[in-house]
Amino acid sequence: MSGAERAPRADTDLAASGAGGVWQARYFWVTLGAVAMIFLAATQTLAVTTVMPLVATDLGGDALYAVAFSGTLATSVIGMVAVGAWCGPA
């Protein structure tokens, strides 16, 4: 096998070319943590959305049903903007 035909080594050629992506060993745990947090947030949102009608009926708060969702959405947007600004300048 000549030098031009050799298979690339994962630890040198791919890392140098940037073709390894976010699953490279260097970024593996950060990527896995980000995926886990997104999964947990989605699961929590799904659980709250599923149980909210029952909770609102039991507590007699049907009039404030939409406030529970809009409040959560507003605080998450504000939190994302604040953390984005805190993490670094654009």
Side-chain angles (χ1 to χ4, degrees):
M1 182 182 243
S2 70
E5 298 173 2
R6 70 177 178 86
R9 289 182 46 200
D11 61 343
T12 58
D13 293 342
L14 290 177
S17 69
V22 296
W23 292 106
Q24 293 180 36
R26 179 178 180 184
Y27 305 115
F28 178 77
W29 291 110
V30 173
T31 302
L32 188 64
V35 169
M37 291 305 295
I38 292 168
F39 172 77
L40 290 173
T43 303
Q44 182 264 339
T45 302
L46 180 63
V48 169
T49 302
T50 303
V51 77
M52 188 58 73
L54 181 64
V55 171
T57 302
D58 286 349
L59 296 177
D62 291 332
L64 299 175
Y65 180 77
V67 174
F69 293 108
S70 61
T72 303
L73 179 62
T75 55
S76 67
V77 168
I78 292 169
M80 284 185 269
V81 170
V83 169
W86 176 64
C87 286

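Both backbone and side-chain heavy atoms feed into the values below; hydrogens, waters and symmetry mates do not. Residues take their numbers from the sequence shown, with the count starting at 1.
In Y65, the OH atom is crowded: over 12 heavy atoms of neighbouring residues, nucleotides or ligands sit closer than 6.0 Å.
Put simply, L59 and M52 are part of two different groups of oily side chains (I, L, V, M, F, W, Y) that touch within less than 4.5 Å, one to the next. Hydrophobic cluster membership differs between F69 and L64, with clusters built from Ile, Leu, Val, Met, Phe, Trp and Tyr side chains linked at under 4.5 angstrom. Linking ILVMFWY residues whenever their side-chain heavy atoms come closer than 4.5 Å, directly or via other members, leaves V77 and V83 in distinct clusters.
Taking the ring pair (Phe, Tyr, Trp, His ring centres under 6.0 Å) definition, one finds that W23 meets it with F28, sequence neighbours left out.
Between D62 and T57, the closest heavy-atom pair is OD1-N, 3.7 Å.
Note: T45 OG1 to L40 CG = 10.5 Å, rounded to the nearest 0.5 Å. With values rounded to the nearest 0.5 angstrom, T75 atom OG1 is found 8.0 Å from L73 atom CG.
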